[in-house]
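Below, read A as the first sequence line, B as the second, and so on, with proteins coming before strands; counting in each chain starts at 1.
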Amino acid sequence: MNELSSAYDPKLTEDKIYKLWEDSGVFNPDNLKGAKKPYAIHLPPPNVTGSLHMGHALNATITDILIRYHRMRGYKAVWFPGTDHAGIATQSVVEKQLKKEGISRWDLGREKFVEKVWEWRNKYGSIILDQLKKLGVSADWSRLRFTMDPAYAEWVKKVFIHYYEKGWIYRGKRLVNWCTACQTALSDLEIEYKEEKGKLWHIKYPLADKSGFVVVATTRPETMLGDAAVAVNPKDRRYEKLVGKKVLLPIINREIPIIADDAIDMFFGTGAVKVTPAHDQLDSEIGQRHKLPAYELINERGKMTDEAGKDFTGLKIIQAREKVVAELEKLGLLEKTEDLTHNVAVCYRSGTVLEPLLSNQWFLKMEKLARGALKAVKSGKTKIVPENFEKPYFTWLENVRDWCISRQIWWGHQLPVWFHEPKCVPKDGHGGKDFDKCEETIVSTTEPECEYCDAKFLQSTDVLDTWFSSALWPFAGFDPKEEKGILKQFYPSSVLVTARDIINLWVARMIFSGLEFMKKAPFPEVLIHATILTKEGKRMSKSLGTGIDPVELIEKYGADATRFGIIWQAMGTQDIHWDETAVMAGKKFANKLWNIARFYQSKIGSPQPTAHSLRLENAEDKVIMEKLKNLQSAIDQNVKSYELGPGLHKIYEFIWHEVADKYIESAKNREDENVKLILNHLLLSCLKLLHPFMPFITEEIYQRLFAQDSRFLMVEQCS
RNA sequence: GCGCCCUUAGCUCAGUGGUAGAGCGUUUCAUUGACAUUGAAAAGGCCGCUGGUUCGAUCCCAGCAGGGCGCACCA
């Protein structure tokens, strides 16, 4: 038992202690002898787009506290870690990196590009794991998963085929949100809105009978080339007499009808709206109601098509807009131009303005799945903590549209869909027969063979929405040899710890996937934790330079201090305005604890008999023991209701101001034996209480002062 | 437009139907004592505003103002 140095140095402790834990195998529940009741949490798999930020650190710290707390209390606790391939997000960071070298993904081709992304994921995947380990995360690394592991991929295919066979997956040409930069469709949840200053052009559409004009207001004049109607509100008196008449669409010179539709807001613009069914969500709905044709003006590259007319074909959207405006001006049909600030839909990854356009995509019918997910929460089988996050969950599920699950990117799970070659290849000796019987599309885990001819099937080049695979996280991708056993023991898991921004994107989809494939919701509780913002209340982001790297804090103050600083501020679900002084307080607190241990070492030396022999004759002994008892049950209560910040504040208060400032100060003047027993009991109890929050220093002190040898870890000493 | 949340010390935040609390910062004093990453103390608050309920409101209720977030709209 070496003497403790006068100041605690996390650098001399943390790596050594982490190795001790890893070597002991206690992170793997199979090695927890005697533990019975399962306690399981799945790490929300971080995207392999880059390194972890404070949000991950908060999530990981909360989870580690819950896991360690339960492991210490005899639960068979397991934390399943892993990472997410994060389709579009990862693809786009790799593309950006390539762009710096002047290469596009098209230059490389699909196969080589995907290799590059794998290289990226290997690099960042391991950086992420190192970061988690530095924080002290006690996850079961022997069961690390990645959402593109072979076993995971098998599940993804199985799930797709299951839905397909139920008739819930269909392919259709629908209006989707198209990102011209990422060259892919996006789901409704992948849209973000950006406020932008634009213009509102008022355009005169001449009535076909030459009796006057209808003025429409638009922010996108170029789409007039694809107008199929002008719509007004049926209650709008101004246009009452015009409904049913026709206008002559300028430039294109197409006669289009004036129709009445309830969706039109009488008070915006002129109350008359140009309807472009192929390039606007609302217009598309109006188009369907009124059976209007959809003229596809804009292609997937964001350029005008032939349909836009000779003068416009091939122009970029902005060029087409300028040209249309110029033409209208020339024709004297531009009434006026107003400035307007409005929100434009942008891609959540590239920030590019999204184009609504018609595209062949695969959709998953949401009706029944959404109903199940709604019921799970409404019935209380799955609780969202705190409750107020239930409302947005309900609202989304109640109004959800079918989920566009196909993406035109290269990084991800290719759809298990196979298309017959365009032409049949006669089988030897059987030429020319039965070709029309060939299946055009087959859904299958493996490459199918045509029954009727020798043509090959080509796999769909689309990949699945990344959330289609993350939705399976609570049950997919385990080693097939032990999958059954793991799911039997640890499905459903005990709680899901996550951030509010992915409640619908991820949590809702895990719930309905779990219900569909495991017949049970994947977790009884969803803990929604705070979001960490800058001190000024701004979003932390790498690109804005407002991000903080948890590893820098760990280097500077130590992992325990970092965890302390995070949890110290995590008082509820209120956003955290990050304050580094809390981490400094953590560092000081670690040193305080260390010096309590030094005092113990110098005054008492060796471990004392345990609490059974305590006699409480002295008043201050009674008081401190009473306070300890109260603290212990308060912490149990706090952890149970996920109030980790308040719990930590109480432990801090007790250790610093009760144990150190009061009890130890008075103990200095005492010579009796009882004070040694009490101090022994106090220090050990404090280590146990604090261990889930600050695992390194507590383990280090425990190893130095209490453990008989290094096979004895805090984890096994605290039930 | 609909919904949720926030407003308490200089800063970041707790908290309770009955003298208002922490961390950091500030000021004063102490000093080699387990710890200067220390101890003792102090200053600093119409607990956003206006009404209501109550013997009593920072807390409960209503309204207002300011800030944040989500959803919808954004022609």
Side-chain angles (χ1 to χ4, degrees), chain A residues 3-9 188-189 193 195-196 198 200-203 216-221 223-224 227 230-232 261 263-265 268-276 279-283 286 340-345 386-396 398-399 500-501 503-504 530-531 533-539 557-558 561 564-565 568-604 643 645-646 648-650 652-653 656-657 659-661 664-665 667-668 679:
Chain A
E3 211 174 297
L4 269 52
S5 58
S6 74
Y8 172 64
D9 183 356
D188 294 331
L189 285 177
Y193 291 91
E195 202 170 77
E196 209 167 67
L200 190 62
W201 283 273
H202 291 243
I203 306 170
V216 300
T218 181
T219 53
R220 300 201 55 187
T223 62
M224 68 159 294
D227 281 0
V230 168
V232 297
D261 195 288
I264 305 303
D265 178 356
F268 187 90
T270 61
V273 182
K274 57 189 277 318
V275 181
T276 320
H279 297 287
D280 182 274
Q281 188 62 49
L282 183 68
D283 291 8
I286 294 174
L340 176 84
T341 307
H342 62 143
N343 291 327
V344 293
E387 259 179 23
N388 33 315
F389 290 113
E390 288 181 354
K391 212 162 199 176
Y393 176 87
F394 294 148
T395 313
W396 182 66
E398 279 160 4
N399 302 295
R500 79 188 57 152
D501 53 342
I503 293 176
N504 295 328
T531 304
L533 305 172
T534 66
K535 196 159 188 171
E536 292 72 33
K538 299 253 157 63
R539 247 193 125 70
Y557 304 105
F564 177 100
W568 184 259
Q569 296 179 73
M571 295 304 287
T573 48
Q574 209 51 46
D575 286 349
I576 294 169
H577 289 198
W578 180 253
D579 185 5
E580 193 166 311
T581 62
V583 181
M584 299 180 200
K587 188 175 157 75
K588 282 160 72 170
F589 181 53
N591 196 59
K592 187 52 121 175
L593 181 70
W594 185 256
N595 276 286
I596 291 172
R598 284 189 79 211
F599 177 79
Y600 170 92
Q601 193 181 40
S602 65
K603 287 289 179 286
I604 295 172
E643 297 157 343
L648 180 60
H649 280 248
K650 284 175 202 160
Y652 173 92
E653 163 69 22
W656 199 307
H657 300 299
V659 175
D661 289 348
I664 286 185
E665 283 311 315
K668 287 176 182 171
L679 273 171

So what does A/Glu580 touch, heavy atoms closer than 4.0 Å: a base, only the sugar-phosphate, or nothing? nothing
Go through the N and O atoms of the side chain of A/Lys668 and the base of B/A34, and report whether any donor-acceptor pair is under 3.5 Å. yes
Remember a base hit wins even if backbone is also touched, and classify A/Ala660 as base, sugar-phosphate or nothing at under 4.0 Å, heavy atoms. base
Set of side-chain hydrogen bond (donor to acceptor under 3.5 Å, both in side chains) partners for A/His202, sequence neighbours left out: A/Glu338
Using a 4.5 Å cut-off on heavy atoms from C-beta on, say whether the side chain of A/Ile286 contacts that of A/Asp280. no
Which of B/U12, B/U37, B/A34 is nearest the side chain of A/His577? It is B/U12
Pairs flagged by salt bridge (charged side-chain N to carboxylate O under 4.0 Å, His left out) wherever residues 583-598 of chain A is involved - sequence neighbours left out: none
Rounded interatomic separation in angstrom, taking CD from A/Glu665 and C1' from B/G33: 8 Å
Below 3.5 Å is the cut-off: list the nitrogen or oxygen pairs between protein and nucleotides 22-25 of chain B, distance only.
residue, atom, partner, partner atom, Å
B/C24, OP1, A/Lys588, NZ, 2.9

Can you find a heavy atom in the side chain of A/Trp201 that is under 4.5 Å from one in the side chain of A/Leu340? no
Side chains of A/Arg220 and A/Lys274 in contact at under 4.5 Å (non-hydrogen atoms): no
Just call it for A/Thr219: base, sugar-phosphate, or nothing, with non-hydrogen atoms closer than 4.0 Å on any strand. sugar-phosphate
Residues passing the side-chain hydrogen bond (donor to acceptor under 3.5 Å, both in side chains) test with A/Asp661, sequence neighbours excluded, are A/His657
Per atom distances to the A/Arg598 side chain, the nearest of B/C35, B/U12, B/C74 is B/C35
side-chain hydrogen bond (donor to acceptor under 3.5 Å, both in side chains) involving A/Glu387 - partner list, sequence neighbours excluded: none
Suppose we screen for ring-ring contact (aromatic ring centres under 6.0 Å, His included). Which residues come up paired with A/Tyr652, at least two apart in sequence or across chains? A/Phe564, A/Trp568, A/Phe589, A/Trp656
Taking only residues two or more places apart in sequence, or in another chain, which ones meet A/Lys391 in a salt bridge (Lys or Arg N to Asp or Glu O under 4.0 Å)? none
Among residues at least two apart in sequence or on other chains, which ones pass salt bridge (Lys or Arg N to Asp or Glu O under 4.0 Å) with A/Glu398? A/Lys378
What string of B, S and - do you get for nucleotides 1-8 of chain B 5' to 3' if you count protein non-hydrogen atoms under 4.0 Å? --SSSS--
Under 4.0 Å between any heavy atoms, over every strand shown, what does A/Leu4 touch: base, sugar-phosphate, or nothing? Just pick one. nothing
Taking salt bridge (Lys or Arg N to Asp or Glu O under 4.0 Å) as the test, write out the residues that go with A/Asp575, two or more places apart. A/Arg500
Tell me the interatomic distance from A/Ile596, atom CD1, to B/U38, atom C1', rounded to whole angstroms. 12 Å
NZ of A/Lys538 to CG of A/Leu533, rounded to nearest 0.5 Å, is 10.5 Å
So what's the dot-bracket for RNA chain B: Watson-Crick or G-U pairs under 3.5 Å, [ ] if a pair crosses, | if it pairs off-strand? (((((((..((((....[..)))).(((((.......))))).....(((((..]....))))))))))))....
Detail all sub-3.5 Å separations between protein N/O atoms and N/O atoms belonging to nucleotides 69-73 of chain B.
residue, atom, partner, partner atom, Å
B/C73, N4, A/Asn343, ND2, 3.4

Got A/Ile664 and A/Leu679 here, is their nearest side-chain heavy-atom distance under 4.5 Å? yes
note: A/Lys587, atom NZ; B/U38, atom P; distance rounded to Å ~ 11 Å
Reckon A/Lys535 touches a base, only the sugar-phosphate, or nothing at all at heavy-atom distances under 4.0 Å? sugar-phosphate
